2 protein chains.
Amino acid sequence: MGRTSNRSVERAFALVDELAENGGGRVSELAERVDMPVSTAHDHLQTLVETGYVRMEDKEYQTTTRFLEVGHRQRHRLEVFKAVRDELETVAEETGEHATLFVEEADQAVILAVQEGSDAVNLFAYPGARMPLHAVAPGKAMLASMPTDRVEEIIDRHGLVELTSRTITNPDVLFDQLEEIRGQGYAVDEGERIAGMVCIAAPIFDKNDRVRGAICVCGPQSRIDETRRDEIADVVQRAANVTQVNLDYV
Amino acid sequence: MGRTSNRSVERAFALVDELAENGGGRVSELAERVDMPVSTAHDHLQTLVETGYVRMEDKEYQTTTRFLEVGHRQRHRLEVFKAVRDELETVAEETGEHATLFVEEADQAVILAVQEGSDAVNLFAYPGARMPLHAVAPGKAMLASMPTDRVEEIIDRHGLVELTSRTITNPDVLFDQLEEIRGQGYAVDEGERIAGMVCIAAPIFDKNDRVRGAICVCGPQSRIDETRRDEIADVVQRAANVTQVNLDYV
DNA sequence: AAACATATCCGGTAGAGTCGAAAGACTTCT
DNA sequence: AGAAGTCTTTCGACTCTACCGGATATGTTT
């Protein structure tokens with residue numbers, strides 16, 4: 001092949017994506033959903049079952065726990081994750097709010113770890129959850145730490161999608177804020193992704209001053225007023241610094 | 001195709017498996033590891049990158065956080081998971097030990113959720129971790145709740161692999177224990193998977209009396225003596241019952 | 001600057017994936 | 001119960017595409 005990618009593999013993953021996004025289904029239904037002849041979908045699902053990434057339960061195909069396993073293994077190999085582990089717990093305790101570790105992947109902000117009583121509580125904050133960089137504090141913290149042309153590239157490619165009425169959609173406004181974030185060392189968002197939710201995040205740098213992630217604290221607006229905001233900003237910045245130090249010893 | 005499965009897809013997943021098991025690598029190295037011509041490996045990796053399941057970081061290919069995402073989405077769709085969520089937290093609090101939710105998948109015991117201060121603490125207990133059914137309390141709890149011929153099938157297919165000196169390797173001993181477990185309503189293992197670790201688990205049934213999973217509490221032998229063992233058994237059994245009730249309302 | 005290692009590109013060909021059609025399982029309706 | 005309908009699985013022929021050796025490009029080391 002070469003310049004074009006492998007069709008079979010593409011189609012197999014189209015099925016996986018479909019199962020992941022819209023849940024399990026029967027052969028004919030899935031074939032319909034991904035727009036594929038039934039026999040072809042059947043063949044692929046058969047192969048996927050053999051690989052162990054898909055299974056058949058109650059006459060419906062669905063993804064297996066192998067995805068969780070692969071995801072967790074990868075996570076344990078990531079230096080930022082290892083470097084931040086204990087810190088995240090501390091942050092959650094000190095603030096009493098959700099503490100999360102974000103990284104950037106494929107121009108998006110992705111949650112790597114969540115710390116709080118139950119990791120299942122928040123439907124919007126689970127490991128692997130991804131969102132536009134410009135719409136969340138940790139994303140902005142990371143953008144602020146990237147070279148400007150990189151930021152422009154990202155805006156060009158994906159635009160500034162509006163998630164709530166408060167999402168930043170104007171590049172100039174965004175660049176102003178990134179400047180501000182660089183100055184103060186942390187980023188804030190107020191309902192820019194989810195209405196009523198405030199997030200405060202600090203970037204994590206490695207020894208070469210490249211951003212490796214961001215530590216974020218989120219909570220309902222009602223619980224996080226001006227003064228608490230400053231407290232939390234201190235906590236996340238301190239945690240980010242400790243993480244940076246840990247990073248060198250990993 | 002038909003009776004034989006799709007080679008391209010198989011090979012793509014061989015690469016994914018390799019990345020997951022032994023970590024990232026360069027094209028030529030990976031090609032070597034999965035025994036594939038370099039150009040072919042290159043083509044597949046290219047396709048995988050396009051699907052978003054693999055990425056290139058620091059000149060090494062590695063799996064992306066998409067696996068975490070897919071895994072978590074699937075988990076949220078599983079009824080047992082939704083039914084057990086709050087209970088698991090309660091169990092962890094009441095016992096002060098790790099509480100985990102297990103399910104059976106592909107003849108193995110798989111961890112679906114872990115509850116305890118930090119979900120990252122235990123390298124052996126993370127969502128997606130899989131292990132032989134006969135070597136852990138939750139596995140035995142689930143085996144005890146299956147029809148005998150199903151259990152025999154599993155033993156035939158996989159044998160009774162020895163993980164520690166205390167692992168049950170004799171089918172007769174196993175069947176005796178399963179009988180006992182059915183009688184008392186919970187299962188115990190003492191260092192049968194990991195030396196020095198005690199686990200106590202109760203099976204979760206649905207309204208049709210089919211096992212859907214098991215709730216498990218694990219801790220170091222030193223901390224769990226005879227009397228605590230009974231206490232914990234009560235806690236996990238109660239939690240399993242509550243979960244069963246929840247299951248009907250999901 | 002040359003020598004080496006590794007990644008990427010290219011193109012012909014064998015062989016594999018694709019898909020229509022037919023057969024086989026299940027369900028549902030009468 | 002039997003039949004009609006729906007969905008899944010099997011089959012085979014044709015076509016397309018995945019495959020891989022070799023050439024080129026990129027990057028690294030001496």
Side-chain angles (χ1 to χ4, degrees), chain A residues 1-20 22-64 105-106 147 150 153 207-208 210, chain B residues 1-20 22-64 77 106 150 207-208 210:
Chain A
M1 55 168 267
R3 52 258 72 159
T4 167
S5 58
N6 186 313
R7 184 150 87 124
S8 309
V9 177
E10 260 183 351
R11 292 177 127 186
F13 275 98
L15 281 165
V16 170
D17 283 339
E18 182 55 35
L19 289 173
N22 304 318
R26 327 274 291 261
V27 181
S28 53
E29 186 199 336
L30 289 166
E32 167 88 7
R33 272 159 44 183
V34 299
D35 192 33
M36 210 184 273
V38 182
S39 52
T40 307
H42 174 260
D43 289 350
H44 278 294
L45 288 166
Q46 225 51 34
T47 306
L48 286 168
V49 169
E50 249 163 64
T51 63
Y53 284 83
V54 166
R55 66 174 183 150
M56 175 86 135
E57 170 100 358
D58 299 326
K59 318 218 159 182
E60 293 223 332
Y61 289 96
Q62 51 184 238
T63 54
T64 67
E105 189 181 274
R150 175 83 211 281
E153 240 175 68
K207 50 191 157 198
N208 305 319
R210 211 162 59 102
Chain B
M1 51 169 268
R3 48 255 77 155
T4 168
S5 59
N6 186 314
R7 182 150 88 125
S8 309
V9 177
E10 259 183 352
R11 290 176 130 188
F13 275 98
L15 282 165
V16 170
D17 282 340
E18 182 54 35
L19 289 172
N22 304 317
R26 325 275 293 263
V27 182
S28 53
E29 186 199 337
L30 289 166
E32 166 89 6
R33 277 168 28 191
V34 299
D35 192 32
M36 210 183 272
V38 182
S39 54
T40 306
H42 174 261
D43 288 349
H44 276 294
L45 287 166
Q46 226 51 33
T47 306
L48 285 168
V49 168
E50 247 163 65
T51 63
Y53 284 83
V54 167
R55 67 175 182 151
M56 175 85 134
E57 171 100 358
D58 298 325
K59 315 215 160 187
E60 292 224 332
Y61 288 96
Q62 50 184 239
T63 54
T64 67
R77 269 194 281 269
R150 175 82 210 282
K207 50 190 157 196
N208 305 320
R210 212 162 59 101

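Every value quoted in this text rests on a predicted model; they were computed, and no experiment measured them. Below, chains carry the letters A, B, ... as their sequence lines are ordered, and counting in each starts from 1.
Dashed line: the shortest gap from a side-chain N or O of A:Arg26 to OP1 or OP2 of D:dT8 is under 4.0 Å. For the pair B:His42 and C:dT8, the criterion of a side-chain N or O lying under 4.0 Å from OP1 or OP2 is met. One finds a side-chain N or O of A:Lys59 lying less than 4.0 angstrom from the OP1 or OP2 phosphate oxygen of C:dT27. Taking only side-chain nitrogens and oxygens, B:His44 comes nearer than 4.0 Å to OP1 or OP2 of D:dC19.
D:dC16 atom P lies 20 Å from atom CZ of B:Arg7, rounded to whole Å. One atom, CG of B:Asn6, and another, P of D:dC16, lie 18 Å apart when rounded to the nearest Å. B:Gln46 places its CD atom 16 Å from the C1' atom of D:dC20, with the value rounded to the nearest Å. Going from atom CE of A:Met36 over to atom C1' of C:dC19 covers 12 Å, rounded to whole Å. Spacing between atom CG of B:Leu30 and atom P of C:dA5 amounts to 19 Å, rounded to whole angstrom units. Between B:Glu29 atom CD and C:dT6 atom C1' there is a gap of 12 Å when expressed in whole angstrom units. Atom pair B:Leu45:CG and C:dT8:C1' shows a separation of 12 Å (rounding to whole Å applied).
Contacts of A:Ser28 with the nucleic acid, taken as non-hydrogen atoms under 4.0 Å apart, involve only primed sugar atoms and P, OP1 or OP2.
For the pair B:Arg33 and B:Leu30, the minimum side-chain heavy-atom distance is below 4.5 Å. Residues A:Tyr61 and A:Leu48 fail the side-chain proximity criterion, which asks for heavy atoms closer than 4.5 Å. Counting only heavy atoms from C-beta outward, the side chains of A:Thr47 and B:Phe13 never approach each other to under 4.5 Å.
Applying the salt bridge (charged side-chain N to carboxylate O under 4.0 Å, His left out) criterion to B:Glu10, with sequence neighbours excluded, gives no partner residue. Partners of B:Ser8 by side chain to side chain contact (heavy atoms under 4.5 Å, CB included), not counting sequence neighbours, listed by chain and number: A:Asn6, A:Ser8, A:Val9, B:Asn6, B:His44.
Near DNA chain D, meaning a heavy atom under 4.0 Å away, the residues from residues 8-16 of chain B are B:Ser8, B:Arg11.
For the atom pair OG1 of B:Thr63 and CG of B:Leu15, the computed distance is 12.0 Å after rounding to the nearest 0.5 Å.
Other residues, nucleotides and ligands place no more than 12 heavy atoms under 6.0 Å from the CD atom of A:Glu32.
Judged by closest nucleotide on DNA chain D, A:Gly25 is the one of B:Ser39 and A:Gly25 placed further toward the 5' end.
The nucleotide whose nearest atom lies closest to any side-chain atom of B:Asp43 is, among D:dT10, D:dC20, D:dT28, D:dC20.
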